[in-house]
Peer 1: 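Before I ask anything, let me first share the structure, which is written out below as structure tokens.
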There are 2 protein chains.
Amino acid sequence: MKGTIPRATVKRLPLYLQVLEDLPPAERTVSSGQLARAAGVKAANVRKDLSFLGSNGVRGVGYDAAQLRNQIARKLGRMDACPVAIIGAGNLGQALSGYPGFIDRGFEVAGLFDVDASKVGATYYGIVVESVDGLEKAIEQRGVSIGIITTVPAAAQDIADRLAAAGIRSILNFAAVTLEVPEGVEVRRVDLSTELQILSYYLHESA
Amino acid sequence: MKGTIPRATVKRLPLYLQVLEDLPPAERTVSSGQLARAAGVKAANVRKDLSFLGSNGVRGVGYDAAQLRNQIARKLGRMDACPVAIIGAGNLGQALSGYPGFIDRGFEVAGLFDVDASKVGATYYGIVVESVDGLEKAIEQRGVSIGIITTVPAAAQDIADRLAAAGIRSILNFAAVTLEVPEGVEVRRVDLSTELQILSYYLHESA
DNA sequence: TAGATTGTTAATCGATTAACAATC
DNA sequence: TAGATTGTTAATCGATTAACAATC
């Protein structure tokens, strides 16, 4: 079961899941065309993607919405609440602490950490900022499995090292640096100004 | 000059640019290997990418850092400040208003809008929240060229329609919906919980 | 049966990479 | 010359898509 689903497909599964969860309860069935429109791909691509889950559509009818939703959710590991730690209680870290999309999708903010003593103790959306000194202990005790880095760029690599050493295998990095991590640790990078620059290119290119 | 650079390359140009800007001034020259390490790709890939800018490396030596920086910045349209409008003054919109990475990269928050009258007039990082009623006028008067949507999902499509009608061709969408936009409008979607779900998949898959 | 939609194949497309001649 | 690194080709890889038989 390891590595069987192409990365391009994995990226789209959450989008399909969202469509299924937003579906009116009256619609018991969904077609590849519907999913395709919502995810911005072609219908054939959707069918190919779903074939990796073990195909279970019905020809001439479509896919059973409830069954497909469960199947995708299971693949994405959404069986039980997944505790995440946010390191860096700046604006972005604070905003993420209260992000409703996390709870909706089965993630739970199990800790919000900062190096700045003047921030420790503050509360955002019910989450109390803790000193980053206690990071490793918190990870172990609370079963944290995903780390979200929202520190300044200069601090990000050190935090990544500590996360990896503490056994974290999945990191979401908002800092504008490329992190070096040991084999087996998966990093996804979200760089807001990079996104803007990409848009900026297409802006000028099409003008 | 239209569409000549592959999308995969465009995505990496900002990463190269960052490396070049973080380079110690003493280093006048940079190799494809250095850039590759920082961007997480192979050196051959970097050389191929840079060849689309019109190759100007020196065999046996590398690339002139200053020249390459200018070349990439020009391609990305970084000649003058690019005004952006943020629609949705919730946590994320507030955080983005103060995001230093935008200024660093030549973007300027020219307006922060919200539909909620109780938010209008509040100030975040020097930006005063305005009513979304004035969106179109502000876009025209301030020469806004990129819209950032940080509204609730239900409001996002309406805002996208208004942005497109007002002549905006580039949208950065943080709302968890797929936007339908006219031909010629470029949308990039950043979905934070989708990123977590992708990580969650690899978490379980490798276990 | 007629209409709809899947599952899968084969073709195509785009991106990555190894390899190496060119050249500083 | 010896060492380094580019620019480019050709091979490979992975993802998308059109097309259509299968089947509800």
Side-chain angles (χ1 to χ4, degrees), chain A residues 2-16 19-20 23 27-69 71-72 75 178 186 198 201-202 205, chain B residues 2-16 19-20 23 27-69 71-72 75 178 186 198 201-202 205:
Chain A
K2 196 172 173 135
T4 45
I5 303 189
R7 296 184 85 87
T9 298
V10 171
K11 272 189 162 180
R12 283 188 295 261
L13 289 181
L15 300 180
Y16 301 149
V19 175
L20 292 165
L23 210 64
E27 297 200 35
R28 317 293 282 279
T29 225
V30 74
S31 73
S32 58
Q34 277 175 278
L35 291 168
R37 215 165 326 109
V41 293
K42 290 282 201 322
N45 210 330
V46 172
R47 295 199 295 277
K48 182 114 215 187
D49 285 342
L50 298 185
S51 75
F52 292 109
L53 306 181
S55 289
N56 46 10
V58 179
R59 288 164 203 243
V61 178
Y63 300 86
D64 182 284
Q67 188 191 344
L68 188 57
R69 211 194 58 226
Q71 237 180 331
I72 296 177
K75 268 292 173 205
T178 302
E186 179 88 13
I198 295 169
Y201 170 78
Y202 289 110
E205 178 248 11
Chain B
K2 194 174 174 132
T4 45
I5 304 188
R7 295 183 86 86
T9 298
V10 171
K11 271 190 162 179
R12 283 188 295 262
L13 290 181
L15 301 178
Y16 301 148
V19 174
L20 291 164
L23 210 64
E27 298 199 35
R28 316 293 282 277
T29 224
V30 73
S31 73
S32 57
Q34 277 175 277
L35 292 168
R37 215 166 326 108
V41 294
K42 291 282 201 323
N45 210 332
V46 172
R47 295 200 295 277
K48 182 114 214 189
D49 286 342
L50 298 185
S51 76
F52 291 109
L53 306 181
S55 289
N56 46 10
V58 180
R59 287 162 204 245
V61 178
Y63 300 86
D64 181 285
Q67 188 191 344
L68 188 57
R69 211 194 58 225
Q71 238 180 332
I72 296 178
K75 268 292 172 204
T178 302
E186 180 88 12
I198 295 169
Y201 170 79
Y202 290 110
E205 179 246 12

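Below, chains carry the letters A, B, ... as their sequence lines are ordered, and counting in each starts from 1. For clarity, every value in this text was computed on a predicted model and none was experimentally measured.
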Peer 1: Within the 4.0 Å heavy-atom criterion, would you say Asn56(A) contacts the bases, only the backbone, or no part of the nucleic acid?
Peer 2: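 Contact class for Asn56(A): sugar-phosphate only.
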Peer 1: Consider the side chain of Arg7(A), meaning its heavy atoms from C-beta on, and name the nucleotide among dA15(D), dT5(C), dC24(C) that approaches it most closely.
Peer 2: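 Given the options dA15(D), dT5(C), dC24(C), the side chain of Arg7(A) is closest to dA15(D).
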Peer 1: Where is the tightest heavy-atom contact between Gln34(B) and Thr29(B), given as atom of each residue plus distance?
Peer 2: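 Smallest heavy-atom distance, with atoms named: OE1-O, 4.1 Å.
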Peer 1: Supply the atom-to-atom distance Arg12(B) CZ to Thr9(B) OG1, rounded to the nearest 0.5 angstrom.
Peer 2: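 If we round to the nearest 0.5 Å, Arg12(B):CZ and Thr9(B):OG1 are 5.0 Å apart.
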Peer 1: As a test of reading the structure: which of dA15(C), dA15(D), dT16(C) is closest to the side chain of Lys48(B), going by heavy atoms?
Peer 2: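 That would be dT16(C).
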Peer 1: For residues Leu23(B) and Ala65(B), report the shortest heavy-atom separation together with the two atoms involved.
Peer 2: CD2-CB, 3.8 Å
Peer 1: Give a yes/no answer on whether the side chain of Arg12(B) brings an N or O atom under 4.0 Å of OP1 or OP2 in dT16(C).
Peer 2: yes
Peer 1: Rounded to whole angstroms, how far apart are CZ on Phe52(A) and P on dG14(D)?
Peer 2: 12 Å
Peer 1: Over how many whole Å does the gap from Arg47(B) atom CZ to dT17(C) atom P extend?
Peer 2: 12 Å
Peer 1: Could you let me know what dG7(C) is paired to, Watson-Crick or G-U wobble, both distances under 3.5 Å, or none if it's on its own?
Peer 2: dC20(D)
Peer 1: Rounding to a whole Å, what distance do you find between Asn45(B):CG and dT17(C):C1'?
Peer 2: 8 Å
Peer 1: Base, sugar-phosphate alone, or nothing: which one does Ser32(A) contact when heavy atoms must sit under 4.0 Å apart?
Peer 2: sugar-phosphate
Peer 1: Does dC13(D) have a Watson-Crick or wobble partner in any strand here, with both distances under 3.5 angstrom, and which is it?
Peer 2: dG14(C)
Peer 1: Can you give the donor-acceptor pairs under 3.5 Å from side chains of residues 57-64 of chain B to other protein atoms, not counting sequence neighbours?
Peer 2:
residue	atom	partner	partner atom	Å
Asp64(B)	OD1	Ala66(B)	N	3.2
Asp64(B)	OD1	Gln67(B)	N	2.8

Peer 1: In whole Å, I'd like the distance from the CG atom of Asp64(B) to the C1' atom of dC24(C).
Peer 2: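 Nearest whole value for this atom pair: 15 Å.
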Peer 1: Report the distance from atom NZ of Lys42(A) to atom P of dT6(C), rounded to the nearest whole Å.
Peer 2: 16 Å
Peer 1: Could you tell me if Arg7(B) sits above the aromatic ring of Tyr202(A), with its cationic atom closer than 6.0 Å to the ring centre and no more than 45 degrees from the axis?
Peer 2: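 Satisfied, under 6.0 Å and within 45°.
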Peer 1: Is Tyr63(A) close enough to dG7(C) that one of its side-chain N or O atoms is under 4.0 Å from OP1 or OP2 there?
Peer 2: yes
Peer 1: From CG of Leu68(A) over to P of dT5(C), roughly how many Å is that when rounded to an integer?
Peer 2: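 The distance from CG of Leu68(A) to P of dT5(C) comes to 16 Å, rounded to the nearest Å.
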Peer 1: Can you check the Asp49(B) CG to dA15(C) P distance for me, whole Å?
Peer 2: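 To the nearest whole Å, that distance equals 10 Å.
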Peer 1: Would you mind telling me which residue lines up with the more 5' stretch of DNA chain D, Thr9(A) or Gly62(B), judged by nearest nucleotide?
Peer 2: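 By nearest-heavy-atom nucleotide position, the 5'-most residue is Gly62(B).
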Peer 1: Whole Å only: how far is the CG atom of Leu53(A) from the P atom of dT6(C)?
Peer 2: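 These atoms are roughly 14 Å apart.
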Peer 1: When only distance counts, do a donor and an acceptor, one from the side chain of Arg59(A) and one from the base of dT5(C), lie under 3.5 Å apart?
Peer 2: no
